[in-house]
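These values consider heavy atoms only, across backbone and side chains, with no hydrogens, waters or symmetry-generated copies. When a ligand or atom number is given, it counts from 1 through the structure's own listing order.
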Amino acid sequence: MPDVLLVEDDPSLQAALTRALSSQGFVVTACGTAMDALGSVTEREPDLVILDLGLPDLDGGTVLRLLRSTTDAPVLIATSRREEGSIVALLNAGADDYVTKPFSSEQLLARVSAILRRTKSGDETNDLLAVGGLSISRQERVASLDGHPLELNRLEFELLSYLASRPAKVVTRQELVRAVWRRQLNGTDRTIDVHVSWLRRKLGESAAHPRYLHTIRGVGWKLTTPRGDDASER
Ligand code: CA
């Protein structure tokens, strides 16, 4: 069952949303301050955070930034109409979606389900991925190559499973950064290149002699079945 952290300081709204979410099977942790939210995120590792922008202790932008530095759980922002102007900035800062108050529980639940469908925690449809000798179980978060388990850290696993879910398709840097880090690409940021090269090493290959993971210069990467393993590749 997905774990939802609800951050809302209005007690009646907090109670109503907790009821609505619980009735749909979500496990809800509710809190009313940014400080409690930040503590809860580290402790409970929720699958999704619903964040009210008007909290008593910290402004919404700051809370979002602090959340983003501690969790990669998707964040759904609940905003009042007068705060709506800052929405674009918040989406750029890593929020996944927003709802404007007043909203119905149905509307909130629909947004929550849509976000969870898009993200790994809610994705149960495409659990098993296989490309050539690579196999990946997203539910169990394990991957193996030719039957040997791969020791991947969280980011490497995310990179690999995102690429493997789109075999033989070029995935741009922008798309990969958004999917794995959930933020906009900073043009000078080489973080992604570093993680891709670590992943590549764990796959036992190099940029000069790729088998699965190919660099498309200036664009991004693609993961394919090695040539020779599958006649349909070239
Ligand atoms: Ca509030």
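- Contact of the D52 side chain with the L55 side chain is registered, since non-hydrogen atoms from C-beta on lie closer than 4.5 Å.
- For the pair D96 and R68, the salt-bridge criterion is met [side-chain N within less than 4.0 Å of a carboxylate O].
- At distances below 3.5 Å, at least one donor-acceptor pair connects side-chain atoms of Q14 with backbone N or O atoms of C31.
- For the 3.5 Å distance criterion, the side chains of T79 and T100 fail to qualify, holding no donor opposite an acceptor.
- Note on R200 versus E156: no salt bridge recorded, every NZ/NE/NH1/NH2 to OD/OE distance being 4.0 Å or above.
- Protein atoms of type N, O or S found under 3.0 Å from the Ca ion (ligand 1) total 3.
- Within the 4.5 Å cutoff, the side chain of L150 has no heavy atoms near those of the S144 side chain.
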